[in-house]
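Note that this is a predicted model, so its numbers are computed, not measured. Labels below follow one simple rule: chain letters A, B, ... track the order of the sequence lines, proteins then strands, and each chain is numbered from 1.
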There are 2 protein chains.
Amino acid sequence: MVEREKLTEEKIFESATEIFLEKGMDGARMRDIADHAGINKSLLNYYYRSKDRLFNAVYEKLAGQLFDMFAPVFDENLSLEEKIRYFFREHISFLQKNPRLPIFILYEVNRNPERFRKLIQKFDFEALWDTLEKQHEKELAKYNISMEMLPQLMSSLAALSVFPFAARSFLEAIFTKLGIDFDDYIEERKKFAAEFTIKALKR
Amino acid sequence: MVEREKLTEEKIFESATEIFLEKGMDGARMRDIADHAGINKSLLNYYYRSKDRLFNAVYEKLAGQLFDMFAPVFDENLSLEEKIRYFFREHISFLQKNPRLPIFILYEVNRNPERFRKLIQKFDFEALWDTLEKQHEKELAKYNISMEMLPQLMSSLAALSVFPFAARSFLEAIFTKLGIDFDDYIEERKKFAAEFTIKALKR
DNA sequence: GTCTATAGAAGGATAGAC
DNA sequence: GTCTATCCTTCTATAGAC
C-alpha cells in the first residue's frame with residue numbers, strides 16, 4: 001500500500017530528525033528513533049538500510065534548509081541597510097522555529113568536514129559574491145567596505161544571529177541567574193543586531 | 001612510586017582532553033584514550049573509575065579555562081574602548097591556541113545543561129555586572145548604553161570572537177572555495193571585531 | 001510491510017595474576 | 001601500579017515468519 005508506506009517512511013524521517021537534532025549522530029540510538037516513531041526497530045533498516053544512511057538523509061535535509069534561508073538575501077531588491085534588517089528579522093525568526101539547528105550543523109560539520117565539503121560542492125559562492133558586489137557597488141563604496149572586508153562582515157552577520165542559538169543552553173544558564181528571559185532576549189535581538197551592524201558600518 | 005603515578009595520571013588526563021575535544025563524550029572511546037596515552041585500558045578505570053568521571057574532570061578543567069579568560073576584562077584598568085580592543089585581542093589569541101574549545105563547550109553544555117548550571121552555581125554574575133556598571137558608569141552614559149542592552153552587547157562580543165571558532169569547519173569549507181585562508185581571517189579578526197564593535201557603540 | 005528473534009560486534013567495566 | 005583475560009551490556013543489523 002503506497003499510502004501506508006509513505007506514512008511510515010515519513011514518520012521515521014521526522015522522528016530521526018527529532019532524535020538526531022537532540023542527541024547528534026553519536027548520541028542517537030536507533031531504538032530511540034523507532035520508539036519515537038512508534039514502530040519496530042527493524043523498519044528503520046528496511047527503509048534506510050543503516051543508521052549512517054538515515055543520518056545522512058536528515059543531515060542533508062537540514063543543511064539544505066539552512067542554505068535556503070540565505071537565498072532571499074540575494075534576491076530581494078533592497079538597499080544594504082534594509083537588507084541587513086531583513087536578514088536579522090527573517091533569519092532569527094527562522095531560528096526561533098528551529099533553535100537546535102545551529103549547534104547540530106556546526107557540530108556535525110566539525111565531526112565530518114569532508115561530508116560538508118561534498119555537500120556544498122555544487123554551490124557557486126564566487127557567483128553569489130559577485131552578485132552581492134554588483135547589487136551594492138555604490139553602497140559598498142559609500143560605506144567604505146572593501147572586498148577584503150566582506151568575509152569579516154558576512155561572518156559577523158552570521159555570528160550575531162546564529163551564536164545565541166548555538167550557545168543557547170550556555171546563555172540560558174547565565175541569564176537565569178540574572179533574571180533575564182531567553183525568549184525576550186531573542187525577540188529583542190532582531191532589532192539590536194540590525195542596528196548594531198548598521199551603526200558599525202556607518203562612518 | 002608517587003612520581004610515576006603522577007606521570008600516568010597526567011598522561012591519561014591529557015590524552016582524555018585531546019580525545020574528548022576531538023570526538024565529544026558520545027564519540028570518544030576509552031580505547032582511543034588509552035591508545036593515545038600509550039597505556040592499558042584498565043588503567044583508565046583504575047585512576048578515574050569510569051568514563052563519566054574522566055569526562056567530568058576534563059570538562060570542568062576546560063570550562064574553568066574558558067571562564068578564567070573573562071576575568072582580566074573586569075580587572076584591567078582600561079577605558080571601555082581599550083577594554084574592547086583588549087578583549088578581542090586576548091580572547092581570540094587564546095582561542096587560536098585552543099580552537100576546538102568553543103564547539104566542545106557549547107555542544108556539551110547543550111547535551112547536559114544541568115551539569116553546567118551546577119558548575120557555575122558559585123559564580124556571582126550579579127556582582128560582576130555591578131562591577132562593570134560602576135567601572136564604566138560615565139562611558140555607558142556617554143555611549144547611551146542602558147543596562148537593558150548589556151546582555152545584547154556582551155553576547156555580541158562573545159559571538160564575534162567565539163563564532164568563527166565554533167563554526168570553523170563550516171567557514172573553512174566555504175573559504176577554501178573563495179581562496180581565503182582561515183588563519184589569516186582569524187588574525188585580521190582581532191582588529192576587525194574591535195573596530196566593528198566600537199563603531200557600533202559610538203553615536 | 002511489519003513483526004520477533006537473534007546474530008555479531010563494540011564498548012565500558014572488573015577480576016585476578018604479577 | 002600495570003597487565004591480560006573476560007564479563008556484561010548495549011547497539012546495529014539481519015534472518016525469517018507472517
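Computed from coordinates, the Asp26(A) CG to dG11(C) P distance equals 11 Å when rounded to whole Å. Protein atom OH of Tyr46(A) is 17 Å distant from nucleotide atom P of dA17(D), rounded to whole Å. Spacing between atom CG of Asn40(B) and atom P of dA17(C) amounts to 17 Å, rounded to whole angstrom units. Going from atom NZ of Lys41(A) over to atom C1' of dC3(C) covers 12 Å, rounded to whole Å. Remark: P of dA10(C) and CD1 of Ile33(B) are 18 Å apart, rounded to the nearest angstrom. What separates CG of Leu44(A) from P of dT12(D) is a distance of 9 Å, to the nearest Å. Rounded to a whole Å, the CE atom of Met30(A) is 20 Å from the P atom of dA7(C). Atoms NZ (Lys51(A)) and P (dA9(C)) sit 18 Å apart, rounded to a whole Å.
A salt bridge links Glu18(B) with Arg100(B); the closest basic N to acidic carboxylate O contact falls under 4.0 Å.
In this structure, the nucleotide among dC3(D), dT12(D), dC3(C) sitting nearest to the side chain of Leu43(A) is dC3(C).
Within 4.0 Å of Ala28(A), counting heavy atoms only, lie sugar-phosphate atoms of the nucleic acid but no base atom. Counting any heavy atom pair closer than 4.0 Å across all strands shown, Ser50(B) reaches sugar-phosphate atoms only and no base atom.
In this structure, Asn45(B) does not reach the dG12(C) phosphate: none of its side-chain N or O atoms is under 4.0 Å from OP1 or OP2. Within the 4.0 Å cut-off from OP1 or OP2 of dT2(D), at least one side-chain nitrogen or oxygen of Tyr47(B) is found. Look at Ser42(B) and you won't find any side-chain N or O under 4.0 angstrom from OP1 or OP2 of dT4(D). Considering only side-chain N and O atoms, Arg29(A) lies under 4.0 angstrom from the phosphate OP1 or OP2 of dT12(D).
Residue Phe67(A) forms a ring pair (Phe, Tyr, Trp, His ring centres under 6.0 Å) with just one option from Phe123(A), Phe74(A), Phe94(A), and that option is Phe123(A).
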